[in-house]
Amino acid sequence: MKKILSLLIIALTFLVSHAKNPINPGNVCVEVNENDIPKEVEKWLKAELAKSTTTILENFETPAFFTKKKAKIIGYIKGYDKTLGAKTGIFYYTNQLTRENKPRVIEIHKDGRFELDLPLEYPMQNYFVIKSQVIPFYLEPGQNLSIILNWEDIKQPRRISYPLKSVAYQGALANINSDLLHYKPDYNSGDFQKKEAIMKPVAFKEYMLQFKTNALNKVNAYEQSGEIDKKTSELLKNEIILETYYSLFDYYSPTYSPRYGQGKRKANNIDDTLPDDYYDFITDLPLHKQSILVNQNFAGFINRLEYAQPLKPKAKNKGISAGIYTDDFLGFFKDIKLTPDEKKLLNQMKLRIYQPDTLSDELIIKTAEFHKKYDSIIKNYSVKDRIEIQRKSNFKDKWKEQDSLAASLGINNNLIYEIIKSRTLKFTMESTSSDEDKAWYWSELKKDIKSPHLIKLGNELFNSRLSKPEFYELPDSELGTAIFKNIIAPYKGKIVVVQFWNPYSYYQGESLKRMKKGRKQYENNEDVVFLNITNESGSTIEKYNSSVEKNGFKNSIKIPQDDYNYMRQLFMFNASVHDVLVAKDGSVYENFESHNMEHIFRNKFNIKPDN
């Protein structure tokens, strides 16, 4: 998510790195002047704050760290003008333990009040967005937090040139929120990415480690002087540590570096061959600490760690060619006592199966006799089952090798490595059809997971995926349902492939290319419609028009920011590009992805490509 929402992250970094501290005076955490808040709003805020159900954590390593309880952000925007738009905000929530995207819409009331319910699993240091403004917060399960904002800040068209000028926090967590903003480390993630593109690996590594040392020293000085408490200090330090190691992993990230850092270095003829000891910092990672889960930088960090070169299994997945008369089929009869003529027949069929025109009448008769004799055995041969058996074998081999690599690095017995395993469950469930097979994969994954909380989360995710229908109805309880149905109403009775997108979707370019290819395959099919939807405030009209032309969109619309926020919550996506398939009856296909479009059209709708 860090890359997908890079502009927002950079904005947040700029915003809070200019806080009122000895490095960069700027933002001000102000005291609340109750005269600026209407009495009825003030009464509401106090009543909501009184509904907190937990006490504040003394530290982050307590068992109470993992507590599943609803938390709530409430607040008031002074001078709010409902006629100028922004009836909602958005929180791009992702459960990093399960990789489930669950963005939440923040409703702004006519009088300037706003509220956001969050079902937290553990403490969170993150941000939400209203219009273009990024608002940081720290929250713990069971706690309610009030945030007072100023509409003069929110309404500014550019968040970077006009950072948040004032913010006030109320509630039991007010002080730590103020201090996290006040003492925000002075750095910009975008600057590190630029260094990535021009520096050799040894120099870049030294640069990042020196940044870490200098920044940690400043935080230590704040703590030793008594300006901040230990909890605040730990969160600030973790942000620095996560940012440092994220950048070091990102230097040679298999996912993103080839398109940015590695690509830029290649263009500049920079030798970026990694020395043997480049990854020796991996033994310094604080993988045993629960507290590193709190900061939003954990999302990027764990993504880079789980795909890091030192943990990458070298063995490739073994393929399997399954089907009647393949080697796999012949192997199915290895324990059956066949006659010499039957063995000869199977080998003949193996050679001729892909050349049916060469089959003699005699061979066809003998084959029919063979099938009749061994009918009960052949019925037990399932191509799908045979492929699944090989898939399971690959799965076990992959984790066996990765566990061995992690053990050799000394990073296998800790919370974060267990999270790496638990995070694979969602994808595994989505790519596995039978409940029995889903149970097998989860049982394999959780063998080495000791965290009770991760086991509980995994069980909940597993149970939610059992016997899940391929198509589902949009819930009437969601405000986004009515908005979406109105958008696709002109295409009633057709299959509608919807692609939510952003003209600046750099990191989702492949999704746009695949969909462009798909549109061409079905452009003459009157039963299929492709519709692209974007946020009308997400780009200039010039950028929008050029992107529409570049990507070959035929049906493209822009909708208001508030409506787009509800689309995110309805279809649970944080990414800049997201695909949705709507059947003729209005039901939605579960987990649709553009790379599976041809397969889904063939098997679910009996629709073949035009060419």
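Hydrogens, waters and symmetry mates play no part in the numbers below; they use all other heavy atoms, side chains included. Throughout, numbering of the chain's residues begins at 1 and tracks the sequence. Just so we're clear, the structure is a prediction, and the values are computed from it rather than from any experiment.
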Report summary line: Residue set satisfying side-chain hydrogen bond (donor to acceptor under 3.5 Å, both in side chains) with Lys102, at least two apart, ordered chain then number -> none
Query raised in the report: Does the side chain of Ile533 reach to within under 4.5 Å of the side chain of Ile559, using non-hydrogen atoms?
Result: yes
Report task. Verify whether one side chain among Tyr417 and Asp448 offers a donor that lies under 3.5 Å from an acceptor in the other. Result -> no
Report summary line: Closest non-hydrogen contact found for Gly518 with Met597 is CA-CE, 3.2 Å
Query raised in the report: Can Gln296 and Asn126 be counted as having a side-chain donor-acceptor contact under 3.5 angstrom?
Result: no
Report summary line: Asp437 meets the side-chain hydrogen bond (donor to acceptor under 3.5 Å, both in side chains) criterion, sequence neighbours left out, with Lys392, Ser434
Query raised in the report: With sequence neighbours left out, what residues match Glu590 under salt bridge (charged side-chain N to carboxylate O under 4.0 Å, His left out)?
Result: Lys468
Report task. Just say parallel, tilted or perpendicular for the rings of Tyr278 and Tyr251, cut-offs at 30° and 60°. Result -> tilted
**Report entry** Between His371 and Asp375: side-chain donor-acceptor atoms closer than 3.5 Å
**Finding:** no
Query - Steps toward side-chain contact (heavy atoms from CB on, under 4.5 Å) verdict (Thr88, Tyr566) - result: CA-CA 9 Å; Thr88 67; Tyr566 282 115; 3.7 Å; yes
Report task. Start with the C-alpha distance between Leu512 and Phe553, add both sets of side-chain angles, then the distance that settles side-chain contact (heavy atoms from CB on, under 4.5 Å), and finish with yes or no. Result -> CA-CA 10 Å; Leu512 294 170; Phe553 299 156; 4.1 Å; yes
**Report entry** For Tyr491, ring-ring contact (aromatic ring centres under 6.0 Å, His included) partners two or more places apart
**Finding:** none
Report task. Enter the distance from Thr534:OG1 to Phe500:CZ here, rounded to the nearest 0.5 Å. Result -> 10.0 Å
Requested in this report: For Leu242 and Tyr246, run side-chain contact (heavy atoms from CB on, under 4.5 Å): C-alpha distance rounded to whole Å, both residues' side-chain angles, the deciding distance at 0.1 Å, then the answer.
Outcome: CA-CA 6 Å; Leu242 290 169; Tyr246 166 87; 5.9 Å; no
Query raised in the report: Can you name the side-chain contact (heavy atoms from CB on, under 4.5 Å) partners of Ile336, sequence neighbours left out?
Result: Phe333, Leu338, Tyr374, Ile377
Report summary line: When rounded to the nearest 0.5 Å, the distance separating CD1 of Ile282 from CG of Leu285 is 5.5 Å
Requested in this report: Say whether Gln521 and Glu598, considering side chains only, have a donor N or O and an acceptor N or O under 3.5 Å apart.
Outcome: yes
Report summary line: When every non-hydrogen atom of Pro475 is compared with those of Leu570, the smallest separation belongs to CD-CD1, 4.2 Å
Report task. Using only heavy-atom distances, determine whether the side chains of Gln390 and Asn394 contain a donor-acceptor pair under 3.5 Å. Result -> yes
Query raised in the report: Is there side-chain contact between Leu120 and Lys70, with at least one heavy-atom pair below 4.5 Å?
Result: no
Query raised in the report: Is it true that the NZ or CZ of Arg304 lies under 6.0 Å from the centre of Tyr252's six-membered ring and within 45 degrees of the ring axis?
Result: no
Query raised in the report: Looking at Tyr544, does the NZ or CZ of Lys558 lie under 6.0 angstrom from its six-membered ring centre and within 45 degrees of the ring axis?
Result: yes
Query raised in the report: Any side-chain heavy atom of Asn532 sitting closer than 4.5 Å to one from Asn555?
Result: no
Report task. Taking all non-hydrogen atoms of both residues into account, name the closest pair between Ser247 and Glu196 and its distance. Result -> O-OE1, 4.1 Å
Query raised in the report: Where do Glu121 and His453 land on the side chain to side chain donor-acceptor pair (under 3.5 Å) test, with the steps shown first?
Result: CA-CA 9 Å; Glu121 305 276 353; His453 185 73; 3.3 Å; yes
Report summary line: Residue set satisfying side-chain contact (heavy atoms from CB on, under 4.5 Å) with Glu306, at least two apart, ordered chain then number -> Arg99, Asn303, Ile420, Arg423
Report task. Keeping to residues at least two apart or across chains, list the side chain to side chain donor-acceptor pair (under 3.5 Å) pairs with something in residues 471-484. Result -> Glu478-Gln569
**Report entry** Interatomic spacing from CD in Glu418 to CG in Asn413 - rounded to 0.5 Å
**Finding:** 8.0 Å
Query raised in the report: Parallel, tilted or perpendicular: which describes the rings of Tyr564 and Phe573, with under 30° parallel and over 60° perpendicular?
Result: perpendicular
Query raised in the report: Can you list the steps and then say if Ser422 with Thr98 is a side-chain contact (heavy atoms from CB on, under 4.5 Å)?
Result: CA-CA 6 Å; Ser422 73; Thr98 62; 5.9 Å; no
Requested in this report: Check Asp527 against Asn525 and note the closest heavy-atom contact, atom names and distance.
Outcome: N-OD1, 2.8 Å
Query raised in the report: Looking at CD1 of Ile495 and CG of Asp585, how far apart are the two atoms once the value is rounded to the nearest 0.5 Å?
Result: 10.0 Å
Requested in this report: Considering non-hydrogen atoms only, spot the tightest contact between Arg104 and Leu118 and give its length.
Outcome: CG-CD2, 4.2 Å
Query raised in the report: Ile487 versus Leu531: any side-chain heavy-atom pair under 4.5 Å?
Result: yes
Query raised in the report: Hey, are the side chains of Phe301 and Gln96 touching, using non-hydrogen atoms and a 4.5 Å cut-off?
Result: no
Query raised in the report: Can you list the residues that meet the ring-ring contact (aromatic ring centres under 6.0 Å, His included) rule with Tyr441, with sequence neighbours excluded?
Result: Phe395
Query - Straight-line distance of Glu100 CD to Leu425 CG, nearest 0.5 Å - result: 9.0 Å
Requested in this report: Evaluate the side chain to side chain donor-acceptor pair (under 3.5 Å) criterion for residues Asn565 and Gln561: first the C-alpha distance (whole Å), next the side-chain angles of each, then the deciding distance (0.1 Å), finally the verdict.
Outcome: CA-CA 6 Å; Asn565 286 345; Gln561 173 74 64; 2.9 Å; yes
Query raised in the report: Is the Phe484-Phe571 ring centre distance short of 6.0 angstrom?
Result: yes
Report task. List for me each residue that meets side-chain hydrogen bond (donor to acceptor under 3.5 Å, both in side chains) alongside Tyr589, sequence neighbours excluded, and say none if there are none. Result -> none
Query raised in the report: Side-chain contact, heavy-atom cut-off 4.5 Å: Lys494 with Val528?
Result: no
Requested in this report: Please test Trp442 against Asn459 for side chain to side chain donor-acceptor pair (under 3.5 Å), starting from the C-alpha separation and ending with a verdict.
Outcome: CA-CA 8 Å; Trp442 176 222; Asn459 286 336; 2.8 Å; yes
Requested in this report: Measure the spacing between CZ of Phe592 and CD of Glu470 and express it to the nearest 0.5 Å.
Outcome: 13.5 Å
Query raised in the report: Out of Arg465, Lys426, Lys68, which one pairs with Glu460 under the salt bridge (charged side-chain N to carboxylate O under 4.0 Å, His left out) rule?
Result: Lys68
Query raised in the report: Without hydrogens or angle criteria, can the side chains of Ser539 and Asn502 be said to hold a donor-acceptor pair below 3.5 Å?
Result: no
Report summary line: Contacts of Ser547 meeting side-chain hydrogen bond (donor to acceptor under 3.5 Å, both in side chains) (sequence neighbours excluded), chain-then-number -> none
Report summary line: By salt bridge (charged side-chain N to carboxylate O under 4.0 Å, His left out), Lys314 pairs with (sequence neighbours left out) none
Query raised in the report: Which heavy atom in Ala197 sits nearest to a heavy atom in Arg265, and how many Å separate them?
Result: O-CG, 3.3 Å
Report summary line: Residue set satisfying salt bridge (charged side-chain N to carboxylate O under 4.0 Å, His left out) with Glu107, at least two apart, ordered chain then number -> none
